[in-house]
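Worksheet: one structure, shown below.
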There are 2 protein chains.
Amino acid sequence: MQEKLSARLHRQLQTDSQLSLSDFAVLVCLTDVPEESLRVSQIATALEWEKSRVSHQITRMERRGLVERVDCPNDGRSAFVNLTACGRKAIEAAAPQHVETVRTVFLDHLTREQLETLEAIATKVIDHLDAEGS
Amino acid sequence: MQEKLSARLHRQLQTDSQLSLSDFAVLVCLTDVPEESLRVSQIATALEWEKSRVSHQITRMERRGLVERVDCPNDGRSAFVNLTACGRKAIEAAAPQHVETVRTVFLDHLTREQLETLEAIATKVIDHLDAEGS
DNA sequence: TCGACTTAGGTGATGTGTCAACTATTTCTG
DNA sequence: CAGAAATAGTTGACACATCACCTAAGTCGA
């Protein structure tokens, strides 16, 4: 189910908005903060991605003009990732349709009880995975 | 949950047996038939993978000696994929530990009811995805 | 203040997955 | 039977993920 769902959501986002789920995830992070700017490590923490994964992803997104890297003046090691106008436009255009798709291919098929059970499962399994140190 | 689970299972399989989940899936297909041999398209159907994905995967596995390609005498277009001794050894070594990991990181945390609910959810969602033709 | 350690991030190799285009071989049909 | 269409599989380009390793910059104790 999970593989088919991801594939379906990925295809929808890609077709309708030329964004991947990874692009979308990063853009959501950035739009979630008022400055529309985060350091690489903050994105990594938020998404639970490796820093190298974030770095590669940002490189690709920068190439397409969705975000831009800006050196941090306080700390010469860090780099800020800023949302560009193009990136903001992209996610604003993509989000409503994406949310709608999540509903129609997934949420709408679940009863409230089923959703609650799934949430309980996920919480339990994730807690255990996190506890054992991955 | 799903991402963390896949990551965890992948890491276990990779670390303990030098196999990826994809390798494992292909090997399972092959060991499931008495001849230990399938055509590319049969693997694609069984795993619901694109034929191109299968082809790439087989190329990589062939390079490592897990499987081998054999031309089909009846149909010049087809190719058989055969399990090698090395491949059989690999999956026999990997399977018990992998199954055990699936239990300890996932199944053991679910009650019978939760498992049944999850199954119902998956069936419903998958049926719908399949029905809409993608 | 000097050197060890840590932290932030980037890079290249390799494996993985998708798409579009391609070759070669049936197979079907007029 | 000739040519169109379907089928089997491969390939190359690119996006994505992980790993191991690297650099540069800050931090901190002797």
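The figures here come from the full heavy-atom set of this structure, side chains too, leaving out hydrogens, waters and symmetry mates. These numbers were taken from a predicted model, which means no experiment stands behind them. So that the names make sense, note that chain A is the first sequence line, chain B the second, and so on, each numbered from 1.
- Note that CG of A:L27 is 11.0 Å distant from CG of A:D32, once rounded to the nearest 0.5 Å.
- Using a 4.0 Å heavy-atom cutoff across all strands shown, A:H56 reaches at least one base atom of the nucleic acid.
- Nucleic acid contact class of B:R63 (heavy atoms, under 4.0 Å, all strands): sugar-phosphate only.
- Judged by atom type and distance alone, A:S52 reaches the base of D:dC19 through a side-chain donor-acceptor pair under 3.5 Å.
- In this entry the distance linking CZ of B:R53 with P of D:dT11 reads 19 Å, nearest Å.
- Note that CD of B:E119 is 11.0 Å distant from CG of B:L110, once rounded to the nearest 0.5 Å.
- For B:D23 and B:R64, the salt-bridge test passes: some basic side-chain N is under 4.0 Å from an acidic carboxylate O.
- Distance A:H10 NE2 to D:dC14 P: 16 Å, rounded to the nearest Å.
- Rounding to the nearest 0.5 Å gives a distance of 11.5 Å between CD of B:E50 and OG of B:S55.
- In the model, B:Q57 has a side-chain atom that pairs as donor or acceptor with a side-chain atom of B:R60 under 3.5 Å.
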Give every pair of a protein N or O atom and an N or O atom of nucleotides 26-28 of chain D that lie under 3.5 Å apart, one pair per line with the distance.
| residue | atom | partner | partner atom | Å |
| --- | --- | --- | --- | --- |
| D:dG26 | OP1 | A:G76 | N | 2.8 |

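- Sequence order on DNA chain C of the closest nucleotides to A:V40 and B:L21 puts A:V40 first from the 5' end.
- Using a 3.5 Å distance cut-off with no hydrogens or angles, the side chains of A:S6 and A:Q2 do pair a donor with an acceptor.
- Mapping A:I58 and B:Q57 onto DNA chain C by nearest heavy atom places A:I58 at the nucleotide closer to the 5' end.
- Going from atom CG of A:D23 over to atom C1' of D:dA15 covers 9 Å, rounded to whole Å.
- If you find the closest nucleotide of DNA chain D to B:V54 and to A:Q14, the one lying nearer the 5' end belongs to B:V54.
- Atom P of nucleotide C:dG17 and atom CD of B:E48 are separated by 15 Å, given to the nearest angstrom.
- Atom pair A:R60:CZ and C:dG12:P shows a separation of 14 Å (rounding to whole Å applied).
- In this structure, A:S22 reaches the D:dA17 phosphate: one of its side-chain N or O atoms is under 4.0 Å from OP1 or OP2.
- One atom, CG of A:D71, and another, P of C:dG9, lie 11 Å apart when rounded to the nearest Å.
- In this structure, B:R69 reaches the sugar-phosphate backbone alone: every heavy-atom distance under 4.0 Å involves primed, P, OP1 or OP2 atoms, never a base.
- When the P atom of C:dG10 is taken as reference, atom CZ of A:R39 falls 12 Å away, rounded to whole Å.
- Contact annotation for B:S41: backbone-only contact, meaning every heavy-atom pair under 4.0 Å involves sugar-phosphate atoms and none involves a base.
- Here A:S55 lies in heavy-atom contact (under 4.0 Å) with a base.
- For the pair A:V81/A:Q42, no side-chain contact is recorded, criterion being any heavy-atom separation below 4.5 Å from C-beta on.
- Candidate nucleotides D:dT10, D:dC19, C:dG9 were compared by shortest atom distance to the side chain of A:A79, and C:dG9 ranks first.
- Residues A:V105 and B:I126 fall within the same hydrophobic cluster, defined by Ile, Leu, Val, Met, Phe, Trp and Tyr side chains chained together at heavy-atom separations under 4.5 Å.
- At whole-Å resolution of the value, CZ in B:R64 and C1' in C:dT14 are 11 Å apart.
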